[in-house]
*Asks:* 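Before anything else, here's the structure in question.
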Amino acid sequence: MASSSSEFLFSLLCLALLSLPLIVSSIGINYGQVANNLPPPKNVIPLLKSVGATKVKLYDADPQALRAFSGSGFELTVALGNEYLAQMNDPKKAQAWVKENVQAYLPNTKIVAIVVGNEVLTSNQSALTAALFPAMQSIHGALVDCGLNKQIFVTTAHSLAILDVSYPPSATSFRRDLLSSLTPILDFHVKTGSPILINAYPFFAYEENPKHVSLDFVLFQPNQGFTDPGSNFHYDNMLFAQVDAVYHALDAVGISYKKVPIVVSETGWPSNGDPQEVGATCDNARKYNGNLIKMMMSKKMRTPIRPECDLTIFVFALFNENMKPGPTSERNYGLFNPDGTPVYSLGIKTSSTHSSGSSNSTGGSGSGSGSGGNTGGSSSGGGIYPPVTDNPSPDYMSISSAGGKGRFVECVLFFLLFCIIKLRL
């Protein structure tokens with residue numbers, strides 16, 4: 001009887017171990033098309049697979065791209081550009097947009113989200129700000145009418161300039177002048193279960209104050225990090241500190257927003273820049289994006305303040321886009337050149353190999369209002385942190401241990417399995 005019971009328990013544990021999910025994060029990539037020399041969308045799928053991506057975020061609802069991703073298995077996020085927000089006050093126009101740009105491509109193209117506007121609240125355009133929330137409501141209402149609201153969520157993307165201060169994370173809050181516009185959006189997230197999207201660029205913080213920001217800290221390189229004096233949480237990279245700053249700001253507004261998840265809708269590092277753009281080098285871009293992608297490939301991305309929440313991150317960007325306005329850096333965030341060759345080696349290995357994309361131009365249909373953090377305000381809300389000092393803490397909380405709950409369950413199951421095997425012997 002004891003033998004059969006142990007064998008039954010042994011079988012259960014084996015099944016439990018086999019059913020445990022692999023502790024890794026999904027890799028997202030931003031696919032902008034503000035260029036006149038990019039390959040056709042059908043040629044980008046091997047490039048995305050070569051970096052392990054499973055999620056893709058567009059800056060529009062380009063029909064050619066949506067058709068190209070049909071049957072690919074990628075989860076797609078489409079976008080409604082800032083220039084269309086005012087029109088979406090009309091529910092009929094919102095419904096027409098959803099039917100034409102979303103419903104028409106389902107289910108073969110796996111569209112999972114619609115981003116309505118990009119960095120609107122920090123654009124200093126009052127008419128645009130006034131149009132944002134009604135547009136989000138109209139698009140969500142159109143999804144409800146089409147029976148798609150359970151599979152596709154609606155959100156909008158913000159720059160870190162929505163924060164008044166960003167250091168330390170535990171002292172952060174949203175800008176008071178934005179609260180009247182931001183609060184209804186947060187209520188919308190709570191009601192619909194959608195995440196808040198943040199464009200977070202540690203590059204901006206380093207560029208503005210390279211003498212006081214540790215380069216290793218922003219590039220995910222080994223460093224001593226810093227301990228937040230308010231929360232006692234330890235951070236060894238700036239991106240996670242920036243994300244937790246937003247979580248603290250959500251908590252400061254009200255307890256009802258504690259469950260609103262955060263998605264990093266853009267983050268990246270330019271491989272080239274103007275002389276005054278300190279840190280915009282190929283080597284730094286390789287380290288930032290390479291280290292970040294390797295982290296996402298090896299474990300769940302969880303920050304100290306929300307260790308139970310998996311953090312979805314979209315790297316900016318797939319290509320260098322030669323028609324983007326602004327400083328040189330804006331045209332050099334890409335992982336790939338237009339001909340499909342890597343801008344630099346990421347130092348990662350995947351099961352997929354990529355072939356070079358065709359150099360035939362598809363034109364630039366991407367929305368110029370949201371293709372790469374150029375409205376993110378590097379001078380405000382960028383996450384300016386003091387130099388990393390020798391302050392080792394006895395309660396050091398390494399970012400690499402953030403997925404501890406899942407690993408703890410694995411360890412317990414393996415220990416029980418070991419005990420049963422010993423008993424059987």
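Quick note: residue numbers are just sequence positions, from 1.
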*Asks:* If we count only N and O atoms by modelled type, under 3.5 Å, do the side chains of Asp244 and Tyr235 hold a donor and an acceptor together?
*Replies:* yes
*Asks:* Using ring centroids (six-membered ring only for Trp), state whether Phe226 and Phe217 fall under 6.0 Å.
*Replies:* yes
*Asks:* Evaluate side-chain hydrogen bond (donor to acceptor under 3.5 Å, both in side chains) for Asn223 paired with Asp236, printing each intermediate quantity in order.
*Replies:* CA-CA 6 Å; Asn223 67 94; Asp236 64 7; 5.7 Å; no
*Asks:* Please determine, by modelled atom types, if Asn332 and Ser329 share a side-chain donor-acceptor pair under 3.5 angstrom.
*Replies:* no
*Asks:* Check whether Thr183 reaches the backbone of Ser180 with its side chain - one donor and one acceptor, N or O, closer than 3.5 Å.
*Replies:* no
*Asks:* With a 3.5 Å cut-off and no angle check, do the side chains of Asn82 and Asn118 form a donor-acceptor pair?
*Replies:* no
*Asks:* Determine the minimum heavy-atom distance between Val213 and Met238, stating which atoms define it.
*Replies:* CG1-CE, 3.7 Å
*Asks:* Take Ile348 and Met297, measure what side chain to side chain contact (heavy atoms under 4.5 Å, CB included) needs, and give me the verdict at the end.
*Replies:* CA-CA 9 Å; Ile348 61 174; Met297 293 177 84; 4.1 Å; yes
*Asks:* Restricting to side-chain contact (heavy atoms from CB on, under 4.5 Å), what partner residues turn up for Pro261, sequence neighbours left out?
*Replies:* Pro195
*Asks:* Under 3.5 Å, is there a donor-acceptor pair between the side chain of Asp274 and the main chain of Gln276?
*Replies:* no
*Asks:* Can you name the residues that form a side-chain hydrogen bond (donor to acceptor under 3.5 Å, both in side chains) with Thr77, not counting sequence neighbours?
*Replies:* none
*Asks:* Take Cys309 and Arg302 through the side chain to side chain contact (heavy atoms under 4.5 Å, CB included) test and state the conclusion after the steps.
*Replies:* CA-CA 6 Å; Cys309 296; Arg302 294 168 178 170; 5.9 Å; no
*Asks:* Could you list the residues that satisfy salt bridge (charged side-chain N to carboxylate O under 4.0 Å, His left out) with Lys258, not counting sequence neighbours?
*Replies:* Asp251
*Asks:* Do Asn199 and Ser159 have side-chain N/O donor and acceptor atoms under 3.5 Å apart?
*Replies:* no
*Asks:* Examine distances only and state if a side-chain atom of Glu330 and a backbone atom of Lys324 form a donor-acceptor pair shorter than 3.5 Å.
*Replies:* no
*Asks:* Any pair with a residue in residues 68-118 that passes ring pair (Phe, Tyr, Trp, His ring centres under 6.0 Å), sequence neighbours left out, goes on the list, sorted by first then second residue, please.
*Replies:* Phe69-Phe74
*Asks:* How far apart are the C-alpha atoms of Ser170 and His248, what are their side-chain angles, what is the distance that settles it, and do they pass the side-chain hydrogen bond (donor to acceptor under 3.5 Å, both in side chains) test?
*Replies:* CA-CA 6 Å; Ser170 61; His248 275 288; 5.2 Å; no
*Asks:* Distance only, no hydrogens: is a donor on one side chain within 3.5 Å (strictly under) of an acceptor on the other, for Asp216 and Ser214?
*Replies:* no
*Asks:* With sequence neighbours left out, which residue pairs that include part of residues 253-279 fulfil the ring pair (Phe, Tyr, Trp, His ring centres under 6.0 Å) condition?
*Replies:* Phe203-Trp269, Trp269-Tyr288
*Asks:* My understanding is that only residues two or more places apart in sequence, or in another chain, count here; which of them pass side-chain contact (heavy atoms from CB on, under 4.5 Å) with Ser181?
*Replies:* Leu121, Thr129
*Asks:* Considering residues at least two apart in sequence or located in another chain, which fulfil the side-chain contact (heavy atoms from CB on, under 4.5 Å) criterion with Asn289?
*Replies:* Val315, Leu335, Tyr344, Leu346
*Asks:* Not counting sequence neighbours, which residues clear side-chain contact (heavy atoms from CB on, under 4.5 Å) with Asn291? List them please.
*Replies:* Phe220, Gln221, Lys287, Lys294
*Asks:* For residues 65-76, pull every pair meeting side chain to side chain donor-acceptor pair (under 3.5 Å), keeping only residues two or more places apart or in separate chains.
*Replies:* Lys55-Glu75
*Asks:* Would you say Thr328 and Asn272 are linked by a side-chain donor-acceptor pair, where the criterion is simply a distance under 3.5 Å?
*Replies:* no
*Asks:* Return the set of residues passing ring-ring contact (aromatic ring centres under 6.0 Å, His included) with Phe188 (not counting sequence neighbours), or none when no residue passes.
*Replies:* His140
*Asks:* Using 4.0 Å as the upper bound for N to carboxylate O, is an ion pair formed by Asp177 and Arg175?
*Replies:* yes
*Asks:* So which pairs with a foot in residues 144-157 pass side chain to side chain donor-acceptor pair (under 3.5 Å), sequence neighbours left out?
*Replies:* Gln95-Asp145
*Asks:* So which pairs with a foot in residues 181-192 pass salt bridge (charged side-chain N to carboxylate O under 4.0 Å, His left out), sequence neighbours left out?
*Replies:* none
*Asks:* Just do the side-chain hydrogen bond (donor to acceptor under 3.5 Å, both in side chains) check on Asp339 and Thr341 with the steps written out, would you?
*Replies:* CA-CA 6 Å; Asp339 64 359; Thr341 58; 2.6 Å; yes
